[in-house]
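Below is one structure; the comments refer to it alone.
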Amino acid sequence: MIIETNYFKMHPILLMFRVNDVKDPYGKRGSEIGDIDIQLKVTSEALSPKMVVDFVAGLLGGAAGVLVGHPFDTVKVHLQTDNPHNPKYKGTFHCFRTIVQKDSFRGLYRGITSPMGGIGLVNAIVFGVYGNVQRLSSDPNSLQSHFYAGSIAGVAQSFVCAPMELAKTRLQLSSQIDSGIKFTGPIHCLKHILKTEGIRGAFKGLVATILRDIPGFSAYFVSFEYLMRQVETPSIPYTLTAGGLAGMSSWLACYPIDVVKTHMQADALGSNARYNGFIDCAIKGFKNEGPQFFFRGLNSTLIRAFPMNAACFFVVSWILDFCNAKTGVDSVLHSDQPLTLVNLDNKTQADLETATPTVEEVVRKIITDNAMSHQYASTPQDVVHNHYTSGTINIAKESKTRLASDCNLK
Ligand SMILES: NC(=[NH2+])NCCC[C@H](N)C(=O)O
């Protein structure tokens, strides 16, 4: 069994194995390991603290992204809903300037409370679901796994994302719609929607959001993963660039659907509604305006996506890396057996990086090192008394491939 984390080139590999012969594995050779029958055990990582780390990393990464990206989002929504026949704005920069002139910087940061908490939450779901689905899939390293994990994450976050973006859109456009009511914030806005339009009203645009975010998030993660694989050790600028480009390609993959979604959420409900569903909205938009309808605001979206997702991916990667580096072990909970956590020092990691060890060699190494010095288990006997052992080691790519084939993994 091998479970790997994503985000960085040098993946920590988690090994969990079972020492079968608990009675006398060391034979007569002192602290050396005898011929023990080692079985690699496929173990679900579902209870691992790692699972939680993904969510927390997503939360903080999302918040960082919002701080950098929100002004661009305000511009995007203004442009998307501008009147095409009598446009207020001449373009992205003009829109930006007009908002600042009319409303100062507050205008750009209007409605940020909703995405701040909301995108934090959404990103916790996105990165949490994505990370765990990807790790637990049968072939975690393939781009296909990243694709599926991204799609599933996209669906999962839609249920929070749709009402949140609804409130955000209505707040951002509050001068144009809902005349009369001055919303104090997203919660106020959502409460009002719930009261006047019911639960259906609060989930207006849900289907459009799901349709948007399946391609959106699969492109997001596949492109990030792809870019990170192009270099051996990604530098900080490289990681930032990869995150930024991943954000941009994500929007390119779903932009027309996003335009329709925004229009539907800006639309009124009931008899005042202009659109009768997703398709109707798309057709009316197209008839009214031609193909440009589907690309209005794309510039500002792409411009916003770069810094926002650079910040987001960077913070997420940094947190995941920090958590891995700090402990040096993956603490794994197992329902019915005690665990020994094996912490390999840097030297051991380096040794294994240059070699191409077989599974057995790796396992022996872990046990030997663990037996020599460790806070969790100080003697070989201690290791053996705990039936399960796990360790995190960094292994070079070729070794990983070998390891994977030794374990009968694809
Ligand atoms: N279509 C999407 N939702 N793509 C994912 C990008 C998410 C990212 N938080 C952004 O707003 O740029």
Side-chain angles (χ1 to χ4, degrees), residues 54-55 57-77 79-80 111-112 114-131 146-147 149-166 168-169 172 205-227 240-262 264-265 278 294-295 297-317:
D54 281 331
F55 284 93
L59 187 95
L60 298 177
V66 170
L67 214 52
V68 176
H70 189 74
F72 299 93
D73 188 72
T74 304
V75 171
K76 174 194 121 178
V77 172
L79 285 173
Q80 278 184 336
I112 195 179
S114 168
M116 207 29 142
I119 291 197
L121 178 62
V122 162
N123 272 270
I125 299 172
V126 166
F127 283 91
V129 171
Y130 160 74
H146 291 278
F147 179 89
S151 313
I152 293 170
V155 175
Q157 56 87 52
S158 293
F159 294 88
V160 177
C161 184
M164 183 193 100
E165 292 194 349
L166 177 68
K168 187 200 65 158
T169 303
Q172 283 173 319
L206 174 65
V207 175
T209 306
I210 294 175
L211 288 177
R212 178 195 71 180
D213 287 341
I214 291 175
F217 280 104
S218 47
Y220 191 56
F221 287 112
V222 168
S223 55
F224 183 70
E225 186 61 26
Y226 177 81
L227 289 169
L240 286 169
T241 309
L245 291 178
M248 289 171 93
S249 55
S250 152
W251 283 108
L252 283 172
C254 68
Y255 197 74
I257 310 177
D258 182 62
V259 175
V260 178
K261 190 224 68 162
T262 302
M264 290 183 63
Q265 291 190 323
F278 183 82
F294 295 107
F295 298 98
L298 178 60
N299 279 353
S300 53
T301 302
L302 293 180
I303 292 168
R304 158 187 171 269
F306 191 91
M308 177 183 203
N309 293 291
C312 179
F313 266 116
F314 183 76
V315 169
V316 169
S317 302

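Every number for a ligand or one of its atoms is a count from 1 in the order of the listing.
Considering only non-hydrogen protein atoms, atom 4 (N) of ligand 1 sits nearest to Ser250 OG, 2.5 Å. In this structure, the protein non-hydrogen atom closest to atom 10 (C) of ligand 1 is Trp251 NE1, 3.5 Å. If you check which protein heavy atom lies closest to atom 3 (N) of ligand 1, you get Asp213 OD1, 2.9 Å. Of the protein's heavy atoms, Asn309 OD1, 3.3 Å lies nearest to atom 8 (C) of ligand 1.
Side-chain atoms of Ser158 and Thr209 include no donor-acceptor pair closer than 3.5 Å. A side-chain donor from one of Tyr130 and His146 sits under 3.5 Å from a side-chain acceptor of the other.
Residue Cys254 approaches ligand 1 through these ligand atoms, each under 4.0 Å from one of its heavy atoms: 1 (N).
Of the candidates Gln157, Lys261, Arg304, Glu165, Arg304 brings a heavy atom nearest to atom 11 (O) of ligand 1. In this comparison of Phe217, Phe72, Phe221, the heavy atom closest to atom 7 (C) of ligand 1 sits on Phe217.
Using a 30° and 60° split on the angle between ring planes, Phe127 and Phe221 fall in the perpendicular class, above 60°.
No more than 12 heavy atoms of other residues, nucleotides or ligands lie within 6.0 Å of CZ in Phe147, so this atom counts as exposed by the packing criterion.
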Derivation and outcome, ring pair (Phe, Tyr, Trp, His ring centres under 6.0 Å), residues Phe313 and Phe224: CA-CA 9 Å; Phe313 266 116; Phe224 183 70; 3.9 Å; yes

